[in-house]
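To keep things clear, I will list the structure first and then write my remarks on it.
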Amino acid sequence: MAKTKKQPRPTAETPKGFRDYFGAEVSERAEMLQKIAAVYHRYGFDALESSAVETVEALGKFLPDVDRPNEGVFAWQEADEDGKGDWLALRYDLTAPLARVYAQHRNDLPTPYRRFAMGPVWRNEKPGPGRYRQFYQCDADTVGTASMAADAEICAMLADTLEEVGIPRGDYLIRVNNRKVLNGVLESMGLADDAERSAAVMRTIDKFDKVGEAGVRELLGKGRLDASGAYIDGVGLTDEQAGPVLTFLTSKAADTGETFANLRRAVGDSPMGQEGIAELEQIADLLAAQGYGPDRIVIDPSVVRGLGYYTGPVFEAELTFDILDETGRKRQFGSVAGGGRYDDLVKRFTGQAVPATGISIGVDRLLAALREKGRIGTAATGPVVVTVMDRDRMADYQAMVGELRQAGIRAEVYLGNPKNFGNQLKYADKRNSPVAIIEGGDEKEKGIVQIKDLVLGAKIAENATLEEWKERPSQFEVPRDQMVAKVREILDGQGG
């Protein structure tokens with residue numbers, strides 16, 4: 001009889017591009033999302049939780065690669081008898097699902113519809129350092145109004161959100177541009193009807209933050225050598241033709257009025273460009289009326305990310321404080337949120353253009369920023385641990401922990417092997433517990449408990465002399481009926 005081949009054990013590791021999140025990280029994210037949701041709710045936005053799975057058809061043109069529906073997204077085909085089941089995919093953002101939700105339920109939703117959504121999204125892309133295939137997004141959108149008041153409100157709400165979660169004023173800047181202004185620039189260059197060259201100009205503009213004004217000038221012209229020495233062909237524009245693009249990209253001035261004057265020179269007589277500038281002026285006026293000046297939200301034509309996607313105003317929230325990179329050099333933290341107006345999103349479902357505008361916050365990026373600022377990242381406080389001195393008296397210990405929980409104090413009974421008391425304290429240390437409670441047979445008879453301040457005990461053990469240790473005891477003997485009050489007093493003293 002042939003010997004049955006032993007099945008190999010599975011490897012205990014996360015798939016490439018994914019990671020696990022433990023207690024403190026999960027709590028930090030949940031707390032931050034709660035703060036963001038509170039701001040959104042205060043602005044009148046309603047929560048929406050849509051399906052994590054959409055049909056590939058519903059995701060439509062927003063797929064990274066329409067010809068290969070299982071590339072860029074995590075997609076699969078439902079099985080059926082004819083092999084023609086629907087293609088389904090995990091959502092890769094929270095905006096495409098909103099288009100489907102609004103188109104499907106528009107008769108039951110108010111107009112405009114203001115919603116916020118939070119949750120994980122998935123992208124089947126090559127992972128890298130700090131780049132994961134699953135990450136959190138936090139969106140807020142207004143669907144159904146073309147008013148620039150909606151765009152101004154989104155910017156104001158984003159500023160309030162950043163401050164609410166712990167990014168102080170002066171450490172961030174929300175920059176606003178408008179796709180219509182760029183369209184006006186292309187119109188003034190005579191490229192409005194030249195889709196191929198317009199697309200080439202757009203790609204070049206998108207490199208502005210990497211190659212600067214001189215690099216863009218070269219790429220709009222004959223081309224340039226990149227850092228590796230390879231020659232990159234340019235768009236082939238003359239200096240005169242490229243002029244409006246460079247004027248547009250460098251039009252930001254110290255004064256908002258001067259910025260608008262520079263933009264008018266860039267768009268010339270283009271009606272589309274003039275319309276875009278008028279929209280930016282409306283946004284600036286509406287924000288100024290609410291007290292949001294250029295120290296928080298600024299008109300900045302150098303914002304080019306997303307111009308190929310958005311149809312009107314474009315927003316980007318950038319953190320302006322310095323951090324050290326891997327080589328020890330200073331650099332700014334960079335962008336943590338982006339958004340804009342996308343009036344064509346719902347049209348593919350309904351056939352009618354539906355105006356919409358919104359913002360998406362990169363939750364993991366924002367958490368990383370808060371850690372850099374020292375606002376989060378300290379070790380999370382664990383529960384109070386009730387030790388077990390006599391396993392036959394488990395009911396007594398459970399009664400203790402029940403009283404603590406009823407008082408709103410996080411607590412647990414040690415459920416491991418109680419034979420070695422030292423292991424119980426090691427467990428409490430590993431849990432980062434602030435307090436341990438001890439009640440042996442002698443304490444039970446006397447009607448008392450021993451309460452050990454583990455935080456103070458650790459501090460004393462680090463650097464205290466014997467005399468200081470005697471003067472500052474970290475273990476207290478209190479009557480059993482005063483246990484909860486004493487634990488609360490210790491926690492309050494620890495700042496917990």
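What's counted below: heavy atoms across the whole structure, side chains too, no hydrogens, waters or symmetry copies. Since we're looking at a predicted model, the values are computed, not measured. Starting from 1, each residue takes its place in the sequence as its number.
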Look at the side chain of [X] and the backbone N and O of [Y], then say whether any donor-acceptor pair between them is shorter than 3.5 Å.
| X | Y | value |
| --- | --- | --- |
| R123 | Y92 | yes |
| Q290 | L286 | yes |
| R175 | F315 | no |
| N183 | L186 | no |
| S433 | V435 | no |
| T11 | E13 | no |
| N177 | V314 | no |
| T247 | A266 | no |
| R133 | V121 | no |
| R431 | K426 | no |

_Between Y342 and D141, does the side-chain hydrogen bond (donor to acceptor under 3.5 Å, both in side chains) criterion hold? Intermediate values first, please._
CA-CA 10 Å; Y342 50 96; D141 297 81; 2.4 Å; yes

Does [X] [atom1] have over 12 foreign heavy atoms under 6.0 Å away?
| X | atom1 | result |
| --- | --- | --- |
| E31 | CD | no |
| Q34 | CD | no |
| E78 | CD | yes |

Could you give the distance from [atom1] ([X]) to [atom2] ([Y]), rounded to the nearest 0.5 Å?
| X | Y | atom1 | atom2 | value |
| --- | --- | --- | --- | --- |
| L94 | L48 | CG | CG | 9.0 Å |
| R106 | F349 | CZ | CZ | 10.5 Å |
| L162 | R296 | CG | CZ | 10.0 Å |
| F208 | T250 | CZ | OG1 | 6.5 Å |
| D139 | R115 | CG | CZ | 5.5 Å |
| M32 | M118 | CE | CE | 8.0 Å |

_Check: Y43/D160 side-chain N/O donor and acceptor closer than 3.5 Å_ =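 D160 and Y43 do have a side-chain donor-acceptor pair below 3.5 Å.
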
*Any side-chain donor-acceptor pair under 3.5 Å between T357 and D151?*
yes

Nearest heavy atoms of [X] and [Y], plus distance in Å:
| X | Y | answer |
| --- | --- | --- |
| L59 | A89 | CD1-CB, 3.8 Å |
| A150 | T145 | CB-CG2, 3.8 Å |
| L220 | A242 | CD1-CB, 3.9 Å |
| F321 | A369 | CZ-O, 3.9 Å |
| L173 | P294 | CD1-O, 3.6 Å |
| T14 | F18 | OG1-O, 3.4 Å |

*Please report the C-alpha distance between V176 and I297 in whole Å, then the side-chain angles of each, then the deciding distance to 0.1 Å, and finally whether the side-chain contact (heavy atoms from CB on, under 4.5 Å) criterion is met.*
CA-CA 7 Å; V176 186; I297 307 171; 3.9 Å; yes

Compare all side-chain heavy atoms of [X] with those of [Y] and state whether any distance is below 4.5 angstrom.
| X | Y | value |
| --- | --- | --- |
| V211 | T204 | no |
| Y292 | V298 | no |
| V56 | L88 | no |
| R179 | M202 | yes |
| L249 | P301 | no |
| V73 | W122 | no |
| R371 | E28 | yes |
| L98 | V143 | yes |

*asked:* Run the side-chain contact (heavy atoms from CB on, under 4.5 Å) test on V185 and L263 for me, step by step, so that the C-alpha distance in whole Å, both residues' side-chain angles and the decisive distance to 0.1 Å come before the verdict.
replied: CA-CA 9 Å; V185 171; L263 285 175; over 6 Å; no

*Output yes when E213 and R217 qualify as a salt bridge under the 4.0 Å nitrogen-oxygen rule, no when they do not.*
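Salt bridge between E213 and R217, a charged N being under 4.0 Å from a carboxylate O: yes.
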
_Under 4.0 Å between a side-chain nitrogen and a carboxylate oxygen: does that hold for R19 and E25?_
yes

*Row check, Y136 ring normal vs R29 NZ/CZ: under 6.0 Å, within 45°*: yes

*Would you kindly check if the NZ (Lys) or CZ (Arg) of R114 is within the cone defined by 45 degrees around the ring axis of F116 and under 6.0 Å from the six-membered ring centre?*
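No, R114 does not sit over the ring of F116.
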
*Stepwise salt bridge (charged side-chain N to carboxylate O under 4.0 Å, His left out) test for R405 and E412*: CA-CA 9 Å; R405 290 167 180 164; E412 65 174 73; over 6 Å; no

*With N178, the side-chain hydrogen bond (donor to acceptor under 3.5 Å, both in side chains) member among R341, E275, E279*: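 Result: among R341, E275, E279, E279 is the only option passing the side-chain hydrogen bond (donor to acceptor under 3.5 Å, both in side chains) with N178.
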
*Between Y414 and Y427, is a ring-ring contact (aromatic ring centres under 6.0 Å, His included) present by the stated rule, with each step listed?*
CA-CA 8 Å; Y414 179 72; Y427 171 81; 5.3 Å; yes

*Verdict with supporting geometry, D429 and L425, side-chain contact (heavy atoms from CB on, under 4.5 Å)*: CA-CA 6 Å; D429 183 56; L425 293 183; over 6 Å; no

